[in-house]
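Since the structure comes first, as structure tokens, the remarks are kept for the end.
So you know, we letter chains A, B, ... as the sequences are listed, proteins then strands, and number each from 1. What you see is a predicted model; the values in this text were computed from it and never measured.
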There are 2 protein chains.
Amino acid sequence: MPVHTLSPAATPSRPRGRPRKTVATLDDGNRRRQLVTGAARLFRHQGFDATSTRDIAAAVGMQSGSPFYHFKSKGALLFAVMQEGMGGAIERQAKAIAAYQSLQKGELPEQYSYGLLAVLIKNHFDILLGPGSDFIPVMLYEWRSINERQRAAIAQLQAEYEAVWIPVLQALFDAGLLKADVKLARLLIFGALNWSAQWFDRRKEASIDDLTAAAMALFIQERP
Amino acid sequence: MPVHTLSPAATPSRPRGRPRKTVATLDDGNRRRQLVTGAARLFRHQGFDATSTRDIAAAVGMQSGSPFYHFKSKGALLFAVMQEGMGGAIERQAKAIAAYQSLQKGELPEQYSYGLLAVLIKNHFDILLGPGSDFIPVMLYEWRSINERQRAAIAQLQAEYEAVWIPVLQALFDAGLLKADVKLARLLIFGALNWSAQWFDRRKEASIDDLTAAAMALFIQERP
DNA sequence: CCTACCGATCGGTAGG
DNA sequence: CCTACCGATCGGTAGG
């Protein structure tokens, strides 16, 4: 029962019969999606507070009051950005893991865990720094601007996302490849990765693969 | 020639002769300091945009227009917070290094570098998470809200602060204790440390010493 | 989804 | 540093 549905949410009450003069309603999903994507971009680059709903409207070619036809408040738009961002991240992570597992021959357990951590880290960098990567940075840096109920919902998605990492780190710890306390290691590692959103430049020297290699060498110094 | 003077700046024009009715001017330094400290607290917890100059005035017992007697704009106040925060951080780091060096007997070079990194990390956590630690988090998370000239000034202080870390990491790399690319390692390490401002809770289980130990074990797995 | 609009808040200033 | 105030902007809404 995914809390983080990506689809435009089952429209509660739609006028039955043939739609008249409501051309806009027909591509409601598209407009909504455009608003979320545009808002993510603006929130990421200017911050939530510094972005007006008029900015967002203009970004998708609407008039100033129109975003409120799709979202009941500016905060609801922010929440949608975070929710859809985390939903997508969880999906991408699951696919990356599945792809890795399907490639595995009977390797040693440490080799398996080592390879899986590399996959998780690379995927995390992709989500954070790759094309269309505005959603997760917004989630990371606008935490203050959502209310408690929303925070709880996002926290649950984050827990789901992080749950996969814990056994991997534990296995590496048990194998002697990770020397730090597993819980603190997880927090420090996520910090190292997440902070890259502040300094990484797609046009600069280091690639996402370089980053992944550096992170692996930094956290796990002995290759199994 | 420290750009980041902590003192109230040599007041340019002060009425000569005995001050009359200008009681407030007498403790100008105090009021200014109170504004900076109060603003840091509010900026840290609510964000720059979500904090009004009225909030700041109220926090130090002033009327709404009065902060502008001390600072020409809200942005100037933010800049002061960052500037003084970095100035203090550089000073504290220098003292921590000096204290460490005065304790050193003729150790092996790797041992020296290892111990120095631990000192730098511990000091960084203190600055970030210890008492009165609002300035640096504000600097880290409100980067967007200062203008380019200000950004350049802060970047220079940051470079000064980070300059000390580079030879230490290089020495550990040369000794085979750090396996990752030195430049990327530095960025990832600062990320791991800085991110702790988001999750560290002073009342919770882990202490700053625990954090330091975990970070050292994570980044440098072999003890010299 | 647009038009027209409102109430509130905000950064900042003049003048003392 | 206070009083009184201004212009601008903003989130949001009614009514179509």
B:Phe190 vs B:Trp165 aromatic rings, parallel, tilted or perpendicular, using cut-offs 30° and 60°?
->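 Ring orientation, 0 to 90° scale: tilted.
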Could you walk me through whether A:Arg151 and A:Glu142 pass salt bridge (Lys or Arg N to Asp or Glu O under 4.0 Å), step by step?
-> CA-CA 11 Å; A:Arg151 246 190 291 250; A:Glu142 298 294 346; over 6 Å; no
A:Asp201 bridged to A:Arg203 by N-O distance under 4.0 Å =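 The answer is yes: the pair qualifies as a salt bridge.
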Roughly how far apart are B:Leu140 CG and A:Gln198 CD, rounded to 0.5 Å?
->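 Taking CG in B:Leu140 and CD in A:Gln198, the distance rounds to 7.5 Å.
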Find the distance [X]:[atom1] to [N]:[atom2] and express it as a whole number of Å.
X       : N      : atom1 : atom2 : answer
B:Asp49 : C:dG11 : CG    : P     : 9 Å
B:Ile56 : C:dG12 : CD1   : P     : 10 Å
B:Phe71 : C:dG12 : CZ    : P     : 13 Å
A:His70 : D:dT13 : NE2   : C1'   : 16 Å
B:Tyr69 : D:dA4  : OH    : P     : 20 Å
B:Leu77 : C:dG12 : CG    : C1'   : 13 Å

Base-pairing mate for D:dG15 - Watson-Crick or G-U, with both contacts under 3.5 Å |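 D:dG15 is paired with C:dC2.
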Give none if C:dG7 has no partner; otherwise give the nucleotide forming a Watson-Crick or G-U wobble pair with it, both distances under 3.5 Å.
->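 Across any shown strand, C:dG7 pairs with D:dC10.
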Which residue, A:Ser66 or A:Asp55, contacts DNA chain D at a nucleotide closer to its 5' end, judged by nearest heavy atom?
->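 Upstream on the strand: A:Asp55.
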Upstream residue (5' side of DNA chain D) when B:Leu35 and A:Phe68 are each assigned their closest nucleotide =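 Nearer the 5' end of the strand: B:Leu35.
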Picking from D:dG12, D:dC1, D:dA4, which would you name as closest to the side chain of B:Ser64?
->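 Selected nucleotide (nearest to the side chain): D:dA4.
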Please tell me which of the listed nucleotides, D:dC2, C:dC2, C:dG11, lies nearest to the side chain of B:Met62?
->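 Shortest atom-to-atom distance from the side chain points to D:dC2.
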With a 4.0 Å limit, can you tell me whether [X] has a side-chain N or O closer than that to the phosphate oxygens OP1/OP2 of [N]?
X       : N      : result
B:Gln63 : D:dT3  : yes
A:Arg54 : D:dC10 : no
B:Thr53 : C:dG11 : yes

Side-chain (B:Asp55) to main-chain (B:Ser52) donor-acceptor, under 3.5 angstrom =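 Answer holds: yes.
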